[in-house]
Amino acid sequence: MSFDSLGLKPELLRAVADKGYTEPTPIQREAIPAVLAGRDVLAGAQTGTGKTAGFTLPLLQKLGSRSGRNPRALVLTPTRELAAQVAQSMVDYGKYGDLRTQVVFGGVSERPQISNLRNGCDILVATPGRLLDLCEQRAVSLAEVQTFILDEADRMLDMGFIRDIKRVLKMLPASRQNLMFSATYSDDI
Ligand code: AMP
């Protein structure tokens, strides 16, 4: 099976071809059409399965082109390394489009992140604590988020982020698309 049959637009297929990928991975075959169709997705996927492109590609397609100041998609990750990696994927796969991605995480100064957010973004990739800080300061609003993605949900719970995640959920519009990726599925998840 090739990427062509997944319903992705030419500029995304070009970015995929630039990466040298010839075939979608199993998670990409399942997730891409489901996300494009607007469905909620719960996926069991470890790192290394291609899960990032599995949500990044259809998300970029759904968002289309840049619009407004506040993010229309939010990706929560447990660590800053993963946040940076996911944001880089958005930039790589989105290189033939004009969508704006911003990334915020703790452990570094807030100021450059606040000033980046002021320029507007379509996609926000964040770790939970820093995101909540920036929301409290009104540096960003989550009121326009249409797609919410929880990446490595099991690690988020292991790291004690459940209360932060619940606080973030309260700030999101009730009507939205939800995608969750987790390597394991315990009762808590
Ligand atoms: P991930 O599981 O999202 O962390 O991706 C693991 C690695 O697989 C990354 O280095 C991707 O660049 C790569 N990758 C993603 N999709 C494909 C694909 N369809 N074919 C080959 N490599 C891929």
Side-chain angles (χ1 to χ4, degrees), residues 1-64 71-107 121-128 130-131 145-159 161 165 168 177-186 189:
M1 189 199 201
S2 78
F3 272 98
D4 297 0
S5 52
L6 294 176
L8 293 169
K9 59 185 179 181
E11 66 187 49
L12 292 171
L13 293 174
R14 239 170 97 202
V16 166
D18 290 350
K19 284 269 195 187
Y21 306 160
T22 49
E23 283 204 332
T25 65
I27 180 85
Q28 290 163 1
R29 279 202 290 270
E30 299 267 343
I32 291 171
V35 177
L36 287 177
R39 282 156 55 196
D40 282 355
V41 169
L42 268 183
Q46 322 253 359
T47 298
T49 54
K51 69 180 164 65
T52 314
F55 64 78
T56 299
L57 289 165
L59 180 67
L60 291 168
Q61 176 144 328
K62 289 193 60 141
L63 292 172
R72 289 175 290 144
L74 173 66
V75 186
L76 276 191
T77 72
T79 64
R80 55 173 152 173
E81 290 76 15
L82 186 60
Q85 205 178 305
V86 169
Q88 189 58 49
S89 293
M90 297 287 175
V91 171
D92 288 349
Y93 297 120
K95 68 185 193 180
Y96 297 115
D98 70 352
L99 291 166
R100 301 152 302 172
T101 299
Q102 296 292 355
V103 58
V104 301
F105 45 69
C121 71
D122 302 287
I123 300 159
L124 180 59
V125 185
T127 54
R130 176 57 57 93
L131 176 66
V145 170
Q146 299 160 3
T147 305
F148 172 63
I149 299 164
L150 202 52
D151 196 11
E152 303 203 350
D154 49 355
R155 272 177 83 197
M156 300 266 244
L157 292 203
D158 288 347
M159 291 170 72
F161 283 132
I165 294 169
V168 170
Q177 183 179 25
N178 299 289
L179 318 178
M180 186 165 100
F181 294 81
S182 189
T184 57
Y185 276 82
S186 63
I189 298 269

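For ligands, and for the atoms within them, numbers begin at 1 and follow the listed sequence. Residues take their numbers from the sequence shown, with the count starting at 1.
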Atom [atom1] in [X], atom [atom2] in [Y]: separation rounded to 0.5 Å?
| X | Y | atom1 | atom2 | answer |
| --- | --- | --- | --- | --- |
| Ile189 | Leu150 | CD1 | CG | 8.0 Å |
| Thr56 | Tyr93 | OG1 | OH | 7.0 Å |
| Phe181 | Thr52 | CZ | OG1 | 8.5 Å |
| Asp18 | Asp92 | CG | CG | 10.0 Å |

Expected rows: ligand 1 N/O, protein N/O, dist below 3.5 Å:
{"residue": "ligand 1", "atom": "2 (O)", "partner": "Gly48", "partner atom": "N", "Å": "2.7"}
{"residue": "ligand 1", "atom": "2 (O)", "partner": "Thr49", "partner atom": "N", "Å": "3.0"}
{"residue": "ligand 1", "atom": "2 (O)", "partner": "Gly50", "partner atom": "N", "Å": "2.8"}
{"residue": "ligand 1", "atom": "2 (O)", "partner": "Lys51", "partner atom": "N", "Å": "3.4"}
{"residue": "ligand 1", "atom": "3 (O)", "partner": "Lys51", "partner atom": "N", "Å": "3.3"}
{"residue": "ligand 1", "atom": "3 (O)", "partner": "Thr52", "partner atom": "N", "Å": "2.8"}
{"residue": "ligand 1", "atom": "3 (O)", "partner": "Thr52", "partner atom": "OG1", "Å": "2.6"}
{"residue": "ligand 1", "atom": "12 (O)", "partner": "Tyr21", "partner atom": "OH", "Å": "2.3"}
{"residue": "ligand 1", "atom": "14 (N)", "partner": "Tyr21", "partner atom": "OH", "Å": "3.4"}
{"residue": "ligand 1", "atom": "16 (N)", "partner": "Gln28", "partner atom": "NE2", "Å": "2.8"}
{"residue": "ligand 1", "atom": "19 (N)", "partner": "Glu23", "partner atom": "O", "Å": "2.8"}
{"residue": "ligand 1", "atom": "19 (N)", "partner": "Gln28", "partner atom": "OE1", "Å": "3.0"}

Practice problem: Might you point out which heavy atoms bring Gly94 and Leu60 nearest each other, and give the distance in Å? | Solution: N-CD1, 3.6 Å
Exercise. Test Val35 against Thr147 for side chain to side chain contact (heavy atoms under 4.5 Å, CB included), laying out the working first.
Key: CA-CA 10 Å; Val35 177; Thr147 305; 5.6 Å; no
